[in-house]
Peer 1: 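Mind having a look at this structure? Questions to follow.
Below, chains carry the letters A, B, ... as their sequence lines are ordered, and counting in each starts from 1.
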There are 2 protein chains.
Amino acid sequence: MAELTPVPDYDDALRSACSKCNLRELCLPSGLSNEELDQLDSLIRVRRFYRKGEHAYRAGDPFDSLYAVRAGFFKTNLLNEDGRDQVTGFHMAGELMGLDGISTDQHPCDAVALEDSELCVIPFSRLEELSREAPSLQRHLHKIMSREIVSDQSVMMLLGSMRAEERLAAFLLNLSQRMTARGYSPSEFYLRMTREEIGSYLGLKLETVSRVFSRFQNEALIAVQQKHIRILDIPKLRTIVGQSC
Amino acid sequence: MAELTPVPDYDDALRSACSKCNLRELCLPSGLSNEELDQLDSLIRVRRFYRKGEHAYRAGDPFDSLYAVRAGFFKTNLLNEDGRDQVTGFHMAGELMGLDGISTDQHPCDAVALEDSELCVIPFSRLEELSREAPSLQRHLHKIMSREIVSDQSVMMLLGSMRAEERLAAFLLNLSQRMTARGYSPSEFYLRMTREEIGSYLGLKLETVSRVFSRFQNEALIAVQQKHIRILDIPKLRTIVGQSC
DNA sequence: AAACTTGCTTGACAAGCATCAAATAGGGTG
DNA sequence: CACCCTATTTGATGCTTGTCAAGCAAGTTT
């Protein structure tokens, strides 16, 4: 039978290659040479599709791969021993998930698709091997990990020192900026997460999230209808974030 | 003159070597072979002393080294554009500071000695070189970075979902556990930081910190006199942390 | 199309923490 | 030793956000 197995679809293989991926400047390949890109291609062979609600991994699963979002939208959430459930991040195309699993060889959190999505699976030991041979890949991996630390720390600042309106303004501006970086409209998009998930991420209750959205709408800062958001006044949102100066 | 320069103090060199350091099981060298340890020794040649209040680095300084706390106690704090000041961590012997600087080649935060302290300076490019040759060092560095991500995320959970009493109970238990790992008493120590710094780290005002300490003292959970803390009832503190189950 | 489910909005009220203010304790210095 | 400065404690009050509850909107199933 083996001899009769059809060769892999060439077009498909091309499209799945980092070197041809339109996210390559945002994702792991950013800044690599052509030769290094080819090596990355040989490493990342598996893509997986997830329907809305499916888990990419769960807390406690053994860690052996990182996951790059190729399409769609994910949340990661930490489930405490005492039943507390905290959303630790939202992840869109070009972003890496799973770095938090390296430390204990187990994923500490769940990763859940918030819409139909697609991930590239990056075997971590092979990535380490490759980064031993390619210093610029090594440095890039370190930068990505460091960027995650920095971004977690800025969430700490948000949670530790901002009021509800400031948190939500910062959240909307952050989403807007990430949409822009991906070539989408900075001012109009669909929220893929519920009010409760936003609240969990921002340390607020869902009713507070809803109320602040309504207040922003009354002040003509945004137009919101369910999950559809239009941002009408970015400068004013910025002043709200930097308010308690 | 050069010929008359005295040879470095041998005892001192030994004591400064990772291979002879009594923190080696907590710090970067943990889990390395003897050969790898020798290579680390050749890399880490500079120790620096800091008086209470001195900065190891400041936000905006160029990043080129990591710093391992050899003795003493540090805080790191982020200074926002709008003047907000958030303590992002407290760092004791054996812990690494500066990982957040890799991403932009600049330190995003200040590192300040909270008592007279000593740091080992670890040139990061040389550490990367070495970790290309020593896979177990490479993996260990990745684990340390990942551990930082995990610990920042658990602070996010603390700030996002715990009330003042729970935050302070978690804070005290965390300090106690880190003291234990270093061979100190788990139940009696001096706080090196002010109430305001604790509050900043935990997203509370200093008055709230003080009030909760007083409440804990009235309930015989701790005995506190200024910076001197004795933890009297660890089990009960644990139940407070896991309360909103 | 009706019933159901899930997510969102809004109101009334309460709890928790912040703010403002004043008093106290310690540590360091002349 | 007296003084000063900073850190801490404690009280009174008010704001922000959480809690509880009810109704609404939109999508899904029967």
Peer 1: At under 4.0 Å between heavy atoms, what does Ser210(B) touch on the DNA or RNA strands: base, sugar-phosphate, or nothing?
Peer 2: base

Peer 1: Check the phosphate of dT8(D) against Arg195(B), side-chain N and O only, distance under 4.0 Å to OP1 or OP2. Yes or no?
Peer 2: yes

Peer 1: Quick one: His228(A) NE2 to dG27(D) P, roughly how many Å, whole number?
Peer 2: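 Atom NE2 in His228(A) sits about 14 Å away from atom P in dG27(D).
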
Peer 1: So, is Lys227(A) close to the dC8(C) phosphate, meaning a side-chain N or O under 4.0 Å from OP1 or OP2?
Peer 2: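 So the side chain of Lys227(A) is within the cut-off, an N or O lying under 4.0 Å from OP1 or OP2 of dC8(C).
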
Peer 1: In this structure, how many angstroms lie between the P atom of dT8(D) and the OH atom of Tyr190(B), rounded?
Peer 2: 14 Å

Peer 1: Of the options Arg47(A), Arg70(A), Met97(A), which is the one that meets Leu119(A) in a side chain to side chain contact (heavy atoms under 4.5 Å, CB included)?
Peer 2: Met97(A)

Peer 1: Under 4.0 Å: is that the gap between some side-chain N or O of Lys205(B) and OP1 or OP2 of dT19(C)?
Peer 2: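 So the side chain of Lys205(B) is within the cut-off, an N or O lying under 4.0 Å from OP1 or OP2 of dT19(C).
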
Peer 1: Could you tell me the separation between the CD1 atom of Ile222(B) and the P atom of dT8(D), rounded to a whole number of Å?
Peer 2: 13 Å

Peer 1: Hey, which of these two, Gln225(A) or Arg211(A), hits DNA chain D nearer its 5' end, going by closest nucleotide?
Peer 2: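 First, find each residue's nearest nucleotide; the 5'-ward one identifies Arg211(A).
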
Peer 1: Base, sugar-phosphate or nothing for Gly203(B)? Non-hydrogen atoms, less than 4.0 Å.
Peer 2: sugar-phosphate

Peer 1: If you pin Val212(A) and Glu196(B) to their nearest nucleotides in DNA chain D, which one's is more 5'?
Peer 2: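 With Val212(A) and Glu196(B) compared, the 5'-side residue is Glu196(B).
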
Peer 1: Looking only at heavy atoms, what is the nearest atom pair of Ile122(A) and Ala68(A), with distance?
Peer 2: CD1-CB, 4.1 Å

Peer 1: Would you please confirm or rule out a distance under 4.0 Å between OP1 or OP2 of dG18(D) and any side-chain N or O of Thr208(A)?
Peer 2: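 The answer is yes; a side-chain N or O of Thr208(A) sits under 4.0 Å from OP1 or OP2.
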
Peer 1: Rounded to whole angstroms, how far apart are CG on Leu191(B) and P on dA7(D)?
Peer 2: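 Nearest whole value for this atom pair: 15 Å.
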
Peer 1: Identify which one of Leu172(B), Val87(B), Thr208(B), Leu191(B) satisfies the side chain to side chain contact (heavy atoms under 4.5 Å, CB included) criterion when paired with Ile198(B).
Peer 2: Leu191(B)

Peer 1: What nucleic acid atoms does Leu206(A) come within less than 4.0 Å of, heavy atoms only: base, sugar-phosphate, or nothing?
Peer 2: base

Peer 1: How long is the line joining CD of Glu166(A) and P of dT16(D), in whole Å?
Peer 2: 11 Å

Peer 1: Would you name the heavy atoms of Glu197(B) and Phe90(B) that are closest together and state the gap between them?
Peer 2: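 Shortest heavy-atom contact: O-CZ, 3.7 Å.
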
Peer 1: Quickly work out the Leu202(A) CG to dG18(D) P distance and round it to whole Å.
Peer 2: 11 Å

Peer 1: Among dT10(C), dT8(D), dT17(D), which nucleotide sits nearest the side chain of Arg163(A)?
Peer 2: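 When the side chain of Arg163(A) is considered, dT17(D) is the closest of dT10(C), dT8(D), dT17(D).
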
Peer 1: Please report the closest heavy-atom contact between Tyr50(A) and Ala113(A), naming both atoms and the distance.
Peer 2: CB-CB, 4.0 Å

Peer 1: Send over the distance from Phe213(B) CZ to dA25(C) P, rounded to a whole Å.
Peer 2: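 Taking atom P of dA25(C) as the reference, CZ of Phe213(B) is at 20 Å.
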
Peer 1: Roughly how many Å is it from CD in Glu207(A) to P in dA12(C), rounded to a whole number?
Peer 2: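 Those two atoms, CD and P, are 15 Å apart.
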
Peer 1: Strictly below 4.0 Å: does Thr194(B) bring a side-chain N or O up to OP1 or OP2 of dT6(D)?
Peer 2: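 For dT6(D), OP1/OP2 do not have a side-chain N/O of Thr194(B) under 4.0 Å.
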
